[in-house]
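Along the sequence shown, the residues carry numbers beginning at 1.
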Amino acid sequence: MKLPQLDLIDSSLDRLAGDLCMVEQEIVDVSSVAGRVLAEPLLADRDSPSLAVSAMDGYAIRTADLSLGRLPISGTCPAGSAPLKLEPGTAIRIFTGAPIPQGADCVLKREDTQENADTVVFDSQSTEYQLGQHIRYQGANGKAGDVILDTGTLLTPNAMAGAASFGARQLSVRRKLRVGIINTGDELVPAGQPALPWQIRDSNGPTLESMLKTQSWIELVFRQQVADQPERVANSIRDGLSGVDALLLTGGVSMGDCDFVPQAIESFGGRIVFHRLPIRPGRPVLGALSREGKLIMGLPGNPVSVAVTARRLACPMLRRAAGFSRNQVPAPNVTLANPDQKTLDLVWFRLVSIDDCGQATLVDSQGSGDIVSLARSDGFIEIPPHASGPGPWRYVAW
Ligand code: AMP
Ligand code: MG
């Protein structure tokens, strides 16, 4: 049975996703599509391989001639040349990727032969050689018309290999998702500036900026700080929304007297879909939509809360708005080297470091304001309500 707390997280995100706008598609030259999200499937324009080719450097022969143990070399076929014809009782020297000569049905590996100027000698008793040995047959990887990449796929370097191989010149992809960041708080000074003891340097802005800038499908349009004044917060959200598809805010969503984000969103017709989730850190988190269906995520101000809720809640929403078919960020299972018996009746995101073998260690943390533990962590594990022990637990890397 699924725990109600976990259910509430998923159902809240689903409700937010329900009316969320997806960015439109555009046709882009294949030279510029790397890192974008496919809006239509990529189809194979021909079989792969397009004809039978050799998987090895060696000699193309007929298995019927194997018993001879020695064959005259009747030709050479390098990659990129048209298929030759193999005369019975002869061998053709062939290289990896070259077309299999007509009549050949087997390739002998070069290292299994003795090569002379015009003959090749091999073990006629070898059981290794059989029909089709070291031949990549036409269409073995995929057939013309097959879907090579589905709609909603990120065009990674490897996906680009597919686009290139199948002759794509232009692709239909999603426009980059335009995102803005607003950091609220009277106490903030820009990172890199001197700060009085009662001020803090804005760390949430740089956290979110670097998270967004490392995503090839996002365009960061602006990042700004706003003082805790109702009109200023409302104006900055309204103005900011006009040039973006999604807004990430930090601070100002709790129950304090200076927490103006919820009322600011509602003041211009934004709809709050959820406010507060059974999670720690990040409980006050807020998910909303503008009238046009643009995403507005209000992340709580504490730095650990921002990092966790951005990765666990905002990222899947941004991916959805950007046109991904798979919205979840990867979360493999890890076990803890130093488990304890502490539990919560909330979903508990605990900071961990990961060793070279993939084992997790809890990072000693003073809570959601502990920026030192955050900076030293590799990611977090997700512990369901009332659970404890070594796991395995879902792990999300930063
Ligand atoms: P709030 O959610 O606005 O009540 O903020 C919660 C805590 O997070 C407060 O201690 C803030 O000082 C801190 N905080 C808020 N915004 C930032 C920021 N941009 N960078 C670092 N800490 C922040
Ligand atoms: Mg604040």
Side-chain angles (χ1 to χ4, degrees), residues 1-14 17 153-154 156-158 203-204 206-208 210-218 248 277-283 285 297 299-300 302-320 324-398:
M1 192 197 69
K2 201 160 166 202
L3 294 157
Q5 293 92 331
L6 286 166
D7 246 352
L8 187 59
I9 298 174
D10 287 343
S11 62
S12 302
L13 291 180
D14 283 347
T153 303
L154 181 66
T156 62
N158 299 336
S203 66
N204 292 336
T207 299
L208 293 179
S210 63
M211 187 185 96
L212 299 180
K213 277 191 170 166
T214 49
Q215 305 301 322
S216 52
W217 43 277
I218 284 179
L248 301 183
L277 288 176
I279 58 174
R280 181 182 294 169
R283 192 169 188 159
V285 67
M297 292 286 294
L299 312 180
N302 275 305
V304 184
S305 311
V306 167
V308 167
T309 53
R311 197 83 183 93
R312 178 64 174 78
L313 307 175
C315 255
M317 288 300 119
L318 295 174
R319 288 171 68 94
R320 202 179 274 252
F324 278 83
S325 54
R326 280 190 310 193
N327 299 315
Q328 288 309 322
V329 293
N333 281 337
V334 298
T335 54
L336 275 177
N338 60 343
D340 58 26
Q341 292 309 310
K342 296 179 190 165
T343 62
L344 289 180
D345 63 353
L346 306 167
V347 178
W348 195 3
F349 301 117
R350 301 187 76 178
L351 300 181
V352 293
S353 60
I354 295 285
D355 69 17
D356 290 347
C357 300
Q359 190 167 46
T361 299
L362 287 170
V363 175
D364 194 24
S365 175
Q366 304 305 307
S368 59
D370 185 350
I371 201 125
V372 177
S373 62
L374 177 66
R376 290 177 178 162
S377 64
D378 292 314
F380 57 92
I381 53 171
E382 184 169 328
I383 303 186
H386 313 296
S388 64
W393 309 115
R394 274 165 55 93
Y395 164 69
V396 176
W398 293 129

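Atom CG of residue Leu336 and atom CD1 of residue Ile381 lie 4.0 Å apart, to the nearest 0.5 angstrom. Separation of atoms CZ (Arg280) and CG (Leu344) is listed at 5.0 Å; rounding is to 0.5 Å. Taking CZ of Arg319 as the reference point, atom CZ of Arg326 lies at 7.5 Å (rounded to 0.5 Å). Put simply, CZ on Arg350 and CH2 on Trp393 are 9.5 Å apart, with the number rounded to the nearest 0.5 Å. Atom-to-atom distance recorded for Trp217:CH2 and Leu212:CG is 8.0 Å, nearest 0.5 angstrom. Rounded to the nearest 0.5 angstrom, Leu374 CG and Trp398 CH2 are separated by 5.5 Å.
The closest side-chain heavy-atom distance from Arg283 to Leu277 is not below 4.5 Å. Considering only heavy atoms from C-beta on, Leu154 comes within 4.5 Å of Ser216 through its side chain. Two residues are said to be in side-chain contact when any heavy atoms from C-beta on lie closer than 4.5 Å; Pro303 and Thr207 fail this criterion. Under the 4.5 Å side-chain criterion, counting only non-hydrogen atoms from C-beta, Val285 is in contact with Leu299. Looking only at side-chain heavy atoms (C-beta outward), Val396 and Phe349 stay at 4.5 Å or farther from each other. Residues Arg312 and Val329 form no side-chain contact, since every pair of their non-hydrogen atoms from C-beta on lies 4.5 Å or further apart. Using a 4.5 Å cut-off on side-chain heavy atoms (C-beta onward), Leu362 and Val352 make contact. A heavy-atom distance below 4.5 Å is not found between the side chains of Asp370 and Val363.
The environment of CG in Asp364 is sparse: at most 12 heavy-atom neighbours from other residues, nucleotides or ligands sit within 6.0 Å.
Remark: side-chain polar atoms of Asn302 are not paired, donor with acceptor, to backbone N or O of Val304 under 3.5 angstrom. Between the side chain of Asp378 and the backbone N or O of Ile354 there is at least one donor-acceptor pair closer than 3.5 Å.
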In sequence, state the C-alpha distance, the side-chain angles, and the governing distance for Leu313 and Ile279, and then conclude on side chain to side chain contact (heavy atoms under 4.5 Å, CB included).
CA-CA 11 Å; Leu313 307 175; Ile279 58 174; 4.0 Å; yes

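Here the rule is side chain to side chain contact (heavy atoms under 4.5 Å, CB included) with Trp348, and of His386, Glu382, Lys342 only Lys342 fits it.
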